[in-house]
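Presented below is the structure to which this report refers.
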Amino acid sequence: MDKNLKEQVLRSSGVNVLKCMRCGKCSGTCPSYDEMEYHPHQFVYMVERGDIETLMHSKSIYKCLTCFACVDRCPRNVEPAKVVEAVRLAAVRQQGNNHMNPNQIPEMLDDDLPQQAIVTAFRKYIK
Amino acid sequence: MKRIGVFVCHCGTNIAATVDVKAVAEALGHEPGVVISQDYQYMCSESGQNLVKNAIKEHNLTGVVVCSCSPRMHENTFRKAAASAGLNPYLVEIANIREQCSWIHKDIASATEKAIILGKAAVAKVHLNSPLTAGESPVVKRALVIGGGIAGIQTALDIAEAGFDVDIVEKNPTIGGKMAQIDKTFPTLDCAACILTPKMVEASQNEHITIHSFSEVADVKGFVGNFTVKIKKKARFVDETKCTGCGLCTEKCPMKKVPNEFNMGLDNRTAIYIPFAQAVPKVATIDPNYCMMLQKGKCGICSSVCSVGAIDYKQEDKIIEQQYGAIIVATGFNPIKLDKYDEFAYNQCPDVVTSLELERLMNAAGPNGGTLLRPSDKTHPHKIVFVQCVGSRCDDSKGKPYCSKICCMYTAKHAMLIREKYPDTDVYVFYIDVRTPGKNFDEFYRRAVEQYNVHYIKGMVGKVTPRSDGKIDVQASDLLANEQLHIDADMVVLAAAIEPDKTARPLATMLTTQMDTNDFFTEAHPKLRPVESATAGIFLSGACQGPKDIPETVAQASAAAAKAIGLLVKNSITCNPCVAHSDELMCNGCSSCEKVCPYGAITYIDKEFRMPDRTTAIRRVASVNPAVCQGCGACTVACPSGAMDLNGFSNSQIMSEVDAICK
Amino acid sequence: METFTYYPGCTLRTKAKDLDTYARKSAECLGINLEEPADWQCCGGAYTTAKDEIATKLSAVRTLNSAKELNRPLITVCSACHNVIKQTNYDISNDEEMAAKVNNYLKLPEPYNGETTVYHYLEMLRDVVGFDTLAQKVVNPLKGKKIAAYYGCLLLRPSKALAMDDPENPTIMEDFIKAIGGTPVIYAQRNECCGGYITLEDKAQASKRSSAVVRSAKDQGADMIITACPLCLYNLKKNSDTELPVYYFTELLAEALGLKEVQNG
Amino acid sequence: MQVNDNKDFQPLIVAFCCNWCSYAGADLSGTNRLNYPTNVKIIRVPCSCRVNPMFILRAFQRGADGVILCGCHPGDCHYTSGNYFTRRRMTLLFSMLDFLGIERDRTRVEWVSAAEGAKFAATMNEFTEAVRKLGPNRRLEDLRCRKQ
């Protein structure tokens with residue numbers, strides 16, 4: 001367990017994971033639940049335990065839609081989406097760890113796709 | 001020359017762990033006037049008190065300083081000890097070195113230094129203390145109970161039983177409160193109405209009890225033993241003394257589309273109504289917002305069918321005034337509004353209901369005559385999802401930070417009743433924790449699971465989507481299975497958090513009692529004085545003090561009654577001697593103090609004074625009525641000549657404390 | 001005529017011209033002057049909530065500051081831009097450390113600390129124009145049209161920062177629909193995510209979300225859906241397994257004001 | 001930019017607390033073991049309206065670096081209206097202190113209820129820090145009272 005990594009995630013997210021009361025509402029409301037290996041409540045708990053690397057290597061960090069449903073509906077104001085974001089940043093900031101390659105983009109496009117989708121994906125996946 | 005004794009308490013390790021008590025005793029021993037300075041393990045224990053008493057006698061002390069816990073805890077203990085040793089109790093001062101020193105600081109050196117300074121301030125103050133004698137004021141032998149739910153009814157019955165007159169003020173047309181709306185009670189499953197309504201009748205028939213229904217407290221003046229209360233009797237447009245409760249008017253009233261509060265708006269009532277069959281008093285009330293006669297001046301049917309002529313469209317609000325010796329607050333609770341939780345679709349779908357609505361849906365006197373049917377299409381639900389902690393245990397701006405305490409148990413009750421009556425209905429309960437501390441409570445919950453096969457799922461519902469086919473998609477997490485579930489439910493029941501009644505806050509202001517940040521009344525001591533407020537003569541009964549189930553409410557109601565009776569049996573009570581007094585030689589009769597006194601305790605008298613030239617002159621000077629003065633000290637600051645001062649907190653005493661701290 | 005700084009954002013220049021064009025036309029008709037800042041930059045499409053991300057927040061701050069310099073409120077219409085700009089503004093007002101870092105980067109003549117008021121176009125309709133006034137200016141009321149308002153996630157959340165409406169029980173778009181003469185359809189999925197940007201790499205997931213939204217709206221009897229987001233429009237149209245016409249709210253606004261030909265839908 | 005934070009300076013702070021709300025709130029912060037600096041010394045008064053502006057001037061004269069006055073929230077006064085008097089009196093006193101050149105941040109009025117232990121501790125931490133930054137108060141100090 002890497003203590004620095006945990007501290008970095010906590011600082012970067014600004015989230016106090018100790019506020020979580022383990023109700024699971026974040027995971028109850030998450031629209032990407034079935035696509036995720038680790039679910040929002042697990043993110044919070046695993047960060048609390050310091051198990052960040054497992055999360056960094058999981059595809060789950062690219063499945064969060066950042067729709068903030070968990071943030072708004074959490075009864076304890078924990079803001080799980082911010083934890084997911086912080087873990088994802090910790091992953092993509094590592095050298096050579098960009099989740100997307102600009103060369104892949106053309107084949108993903110169609111005529112109607114607003115470039116907003118590309119801009120957003122770049123911001124989230126590439127450092 | 002003053003002879004002061006200083007007594008430093010260890011409070012076990014509570015103080016001694018962070019404050020070097022020996023050093024404190026040593027340092028204070030060198031203060032001027034201090035003749036003895038000791039430390040002891042537990043100063044409040046009998047042997048600790050004896051230490052103080054013996055020192056008073058042995059050293060002929062004229063003042064005592066105890067360095068210990070907060071004066072709010074043991075000031076009285078030490079005052080009594082001093083009195084029993086022949087020292088005037090008001091010559092005792094407390095230096096608070098526990099709550100305001102040892103418990104908040106960690107560094108021994110600086111905490112000790114602070115404790116010494118606090119001790120010095122107390123020594124400096126006690127130098128200027130003077131013996132005080134408390135006066136007495138009479139007690140009015142009548143109690144007021146505010147709120148007519150089960151808490152208020154029980155309190156009133158107990159006080160009446162002791163032979164004192166009691167008035168109940170209830171804002172609704174009938175007493176009974178929330179318990180009257182509840183179908184069955186946990187963990188015995190007996191019928192709420194069957195055990196409540198006899199008590200309501202008993203209250204109405206008791207010669208010592210007067211019920212002011214449809215009334216509100218408008219104003220409270222006075223103090224313990226002698227409150228003057230104005231009660232507003234709201235116009236119900238029906239003469240209570242004439243109405244027989246026959247109900248003919250309610251049958252004939254043409255305005256039949258008024259949401260029925262008693263059934264949580266799940267059905268309608270008429271504009272003139274009796275809330276429910278066993279209402280007490282059983283008299284009709286006209287709802288002026290819907291009555292066509294009162295709105296448009298046309299109709300008058302109720303008046304024409306009433307055989308006793310009880311209808312009075314011209315009735316107006318009436319204020320009555322009454323004296324009371326004690327006031328008991330029993331304003332109760334309400335479920336919170338769920339507008340901010342519409343992820344559960346409460347505002348979108350009539351089949352998403354609160355638990356209190358479910359009580360009415362299942363009650364024989366409810367909208368469906370006791371058959372559980374969906375409000376939307378009156379069909380029988382086959383799958384019901386219960387959601388716990390809706391708005392409870394929240395740290396957001398929407399909900400309440402506390403546990404509402406009753407939801408776990410009533411949900412188990414609902415689940416069990418439904419499974420008992422409709423075995424073909426599946427019941428799911430989403431819980432965070434199941435909290436069942438209470439006699440036979442956990443057994444009850446286990447029966448719901450083991451005997452009735454209620455599906456308890458650890459997790460929370462995150463989104464409810466009503467569908468046009470009548471089903472409700474409930475999306476939730478099952479934390480133990482690590483799965484997100486979708487349940488096609490027919491009904492969803494939300495365990496809404498409970499909150500104090502909205503009338504409690506303005507009432508607390510009138511009563512000058514304290515409330516916590518959630519608007520629950522604050523008890524005088526969380527452990528040892530749970531049914532008294534910090535304001536003398538005001539007692540707390542039921543859920544106005546915190547979430548409670550029925551047995552707890554009744555227990556607290558009786559406890560509050562016992563405390564009130566303890567006050568009412570006295571012919572007079574000892575007054576607080578720390579009251580204002582005016583130095584007549586300095587007073588110039590300007591009336592500044594009179595204007596700021598909230599109690600009207602200050603009057604002016606013309607008094608004859610001998611002047612230096614041997615003549616006499618009549619001057620107007622302030623005079624404080626010590627039985628009325630409560631000792632706030634507002635007048636002392638308003639006084640321009642410095643004539644007004646406060647016993648126990650005199651200008652010179654506070655100045656000497658300031659000096660000691662800033663030395 | 002009241003003048004506002006108007007931030008169109010990248011997509012409104014290309015794929016979402018309808019959203020932009022009719023927003024401008026309608027504003028003119030309603031007596032609102034929208035003025036585009038001289039050279040604006042793309043907002044980035046998504047707000048990075050991380051406290052240690054500063055560079056990604058700068059373009060939004062520049063936009064906010066350009067409005068501040070003119071002492072005008074800032075109007076956005078694209079949900080994504082609105083979300084990014086509003087969240088940036090919220091954080092910079094409430095997080096001193098972030099504000100200090102951002103200002104150290106930008107070296108503006110005067111530090112920016114969240115002074116600009118940001119309105120979404122809908123908020124402008126509600127709070128500046130007023131829905132009652134709007135209703136009076138309608139010439140082609142959309143009578144009998146059952147319209148489902150789609151808020152998605154970006155317009156309402158995080159509610160602390162966006163503060164546009166009640167995040168679970170919003171009424172602003174429904175009130176808008178009533179003002180232009182239509183009948184709003186309330187459906188539970190109106191404030192759930194459509195799958196958003198994930199459509200780029202995971203069509204299946206985007207399709208699952210979009211379908212849930214469109215099904216829910218259709219199920220409650222809607223004839224069409226309106227949205228303020230180009231990406232939502234794309235997802236709901238392209239990736240849903242259920243078909244329902246999807247329009248930008250500005251299209252219907254222009255139609256009601258008589259500035260656009262009537263749709264067939 | 002050079003900021004002198006007076007990190008080592010230990011200010012002397014006198015807190016006047018009304019018996020019913022703020023003193024009880026202070027007790028509660030103790031019961032909950034919420035820390036605040038030892039610099040704060042509390043004087044108990046029956047009501048915030050008992051605090052004569054003279055007491056505050058006296059504290060400054062004798063070397064206090066900050067004075068804070070705590071009472072019940074407006075509307076919740078145990079004596080019905082005492083804290084309203086306090087509010088008005090202190091407004092006047094504060095403008096006088098301004099006139100005398102005493103920094104505004106050295107005096108404060110806060111409403112703390114009996115249930116707000118956390119608020120009491122937070123207020124004291126914040127206030128002590130604010131006074132610490134201001135450094136020692138010399139304006140009103142009676143030099144004859146100064147320790148040699």
Side-chain angles (χ1 to χ4, degrees), chain B residues 69-73 94 96 98-107 110-111 113-114 117-118 121 125 221 505-506 508-510 512-518 520 522 526 534-535 578 596 598-599 630-638 642 646 648-649 651 654-655 657-663, chain D residues 10 12 14 16-21 23-24 26-47 49-56 58-64 67 72 75-82 85-86 89 113-116 119 121 124 145 147:
Chain B
C69 54
S70 171
R72 295 171 61 87
M73 291 288 297
I94 308 283
N96 184 346
R98 192 179 76 173
E99 281 86 345
Q100 295 179 6
C101 188
S102 70
W103 276 352
I104 41 170
H105 306 313
K106 292 200 177 102
D107 175 51
S110 58
E113 192 190 338
K114 176 173 171 180
I117 292 172
L118 293 177
K125 185 180 183 193
K221 287 249 159 28
R505 175 54 75 175
T509 305
M510 280 191 257
T512 70
T513 50
Q514 269 109 53
M515 289 186 132
D516 64 19
T517 43
N518 299 310
F520 286 115
T522 307
T535 304
C578 295
V596 297
Y599 302 99
Q630 295 297 299
C632 67
C635 53
T636 62
V637 187
L646 186 64
F649 294 95
N651 287 327
I654 298 176
M655 290 282 206
E657 282 183 273
V658 171
D659 291 355
I661 288 172
C662 297
K663 213 186 281 175
Chain D
Q10 290 297 335
L12 173 61
V14 178
F16 291 97
C17 292
C18 88
N19 181 49
W20 301 96
C21 290
Y23 195 85
D27 278 355
L28 184 65
S29 71
T31 311
N32 294 340
R33 310 296 198 275
L34 304 165
N35 297 329
Y36 56 87
T38 51
N39 309 55
V40 179
K41 315 285 192 298
I42 297 171
I43 293 177
R44 181 165 72 128
V45 287
C47 175
C49 73
R50 175 65 190 92
V51 176
N52 196 313
M54 292 277 288
F55 302 161
I56 294 173
R58 173 81 151 220
F60 281 129
Q61 182 197 14
R62 292 295 161 109
V67 179
C72 307
D76 289 353
C77 175
H78 181 77
Y79 304 102
T80 321
S81 53
F85 293 128
T86 308
R89 281 172 191 157
S113 83
E116 293 175 329
K119 181 179 175 188
M124 291 306 152
C145 302
K147 268 184 220 161

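Proteins come first, then strands; the chains are lettered A, B, ... in the order of their sequence lines, and each starts at number 1. Below, each value reflects all heavy atoms present in this structure, side chains not excepted, and no hydrogens, waters or symmetry copies.
Inter-residue side-chain proximity for L646(B) and P46(D) is flagged as met; some heavy-atom pair is nearer than 4.5 Å. Counting heavy atoms from C-beta outward, V637(B) and P53(D) have side chains that approach closer than 4.5 Å. E99(B) places a side-chain heavy atom less than 4.5 Å from the side chain of M73(B). You'll find the side chain of P71(B) reaches within 4.5 Å of the side chain of R44(D), heavy atoms only. For the pair P598(B) and C632(B), the minimum side-chain heavy-atom distance is below 4.5 Å.
Taking the ring axis of F649(B) as reference, the NZ or CZ atom of R50(D) does not stay both within 45° of it and closer than 6.0 Å to the ring centre.
Of the two parts of I117(B), only the side chain, counted from C-beta on, holds a non-hydrogen atom closer than 4.5 Å to a non-hydrogen atom of chain D. Of the two parts of K125(B), neither the backbone nor the side chain holds a non-hydrogen atom closer than 4.5 Å to a non-hydrogen atom of chain D. Of the atoms belonging to L34(D), it is backbone heavy atoms, and not side-chain ones, that fall under 4.5 Å from chain B. In this structure, no portion of D107(B) lies under 4.5 Å from any heavy atom of chain D. Contact annotation for A121(B): neither backbone nor side-chain heavy atoms come within less than 4.5 Å of a heavy atom of chain D. Using a 4.5 Å cut-off between heavy atoms, R505(B) contacts chain D through its side chain alone, with no backbone atom that close. Only the side chain of Q514(B) comes within less than 4.5 Å of a heavy atom of chain D; its backbone N, CA, C and O stay farther away. When heavy atoms are compared at a cutoff of 4.5 Å, A24(D) approaches chain B by way of both its backbone and its side chain. Of the atoms belonging to R89(D), it is side-chain heavy atoms, and not backbone ones, that fall under 4.5 Å from chain B. In this structure, no portion of N32(D) lies under 4.5 Å from any heavy atom of chain B. In this structure, no portion of V67(D) lies under 4.5 Å from any heavy atom of chain B. Interface remark: E116(D) contributes side-chain atoms only to the contact with chain B (heavy atom separation under 4.5 Å). At a 4.5 Å heavy-atom cutoff, the contact between F55(D) and chain B is made by backbone and side-chain atoms alike.
A search for side chain to side chain donor-acceptor pair (under 3.5 Å) contacts involving K221(B) returns D219(B), not counting sequence neighbours.
Chosen from N35(D), V14(D), I43(D), T38(D), the residue pairing most often with chain B at heavy-atom distances under 4.5 Å is T38(D). Listed options S110(B), S102(B), C101(B) were ranked by heavy-atom pairs under 4.5 angstrom with chain D; first place goes to S110(B). The choice from K106(B), H105(B), M510(B), E113(B) that makes the most heavy-atom pairs within less than 4.5 Å of chain D is H105(B). Across E657(B), M655(B), Q630(B), the residue that shares the most heavy-atom pairs under 4.5 angstrom with chain D is M655(B). Your options are C49(D), A115(D), S29(D), and the one with the most heavy-atom pairs under 4.5 Å with chain B is C49(D). Residue with the most contacts toward chain B among F16(D), Y23(D), W20(D): Y23(D) (heavy-atom pairs, distance under 4.5 Å). Heavy-atom pairs under 4.5 Å with chain B were tallied for I42(D), T86(D), V45(D); the largest tally goes to I42(D). Each of N651(B), T522(B), T517(B), I661(B) has some count of heavy-atom pairs under 4.5 Å with chain D, and the biggest count is that of N651(B).
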Worked check of side chain to side chain contact (heavy atoms under 4.5 Å, CB included) between Q100(B) and V40(D)
CA-CA 9 Å; Q100(B) 295 179 6; V40(D) 179; over 6 Å; no

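With R98(B) contributing its side chain and N96(B) its backbone, the two residues share no donor-acceptor pair below 3.5 Å. Of the possible donor and acceptor atoms, none in the side chain of N518(B) sits under 3.5 Å from a partner among the backbone N and O of F520(B).
The two residues C47(D) and C77(D) come nearest to each other via the heavy atoms SG-SG, 4.0 Å. Across Y79(D) and G631(B), no two heavy atoms sit closer than the pair OH-O, 3.8 Å.
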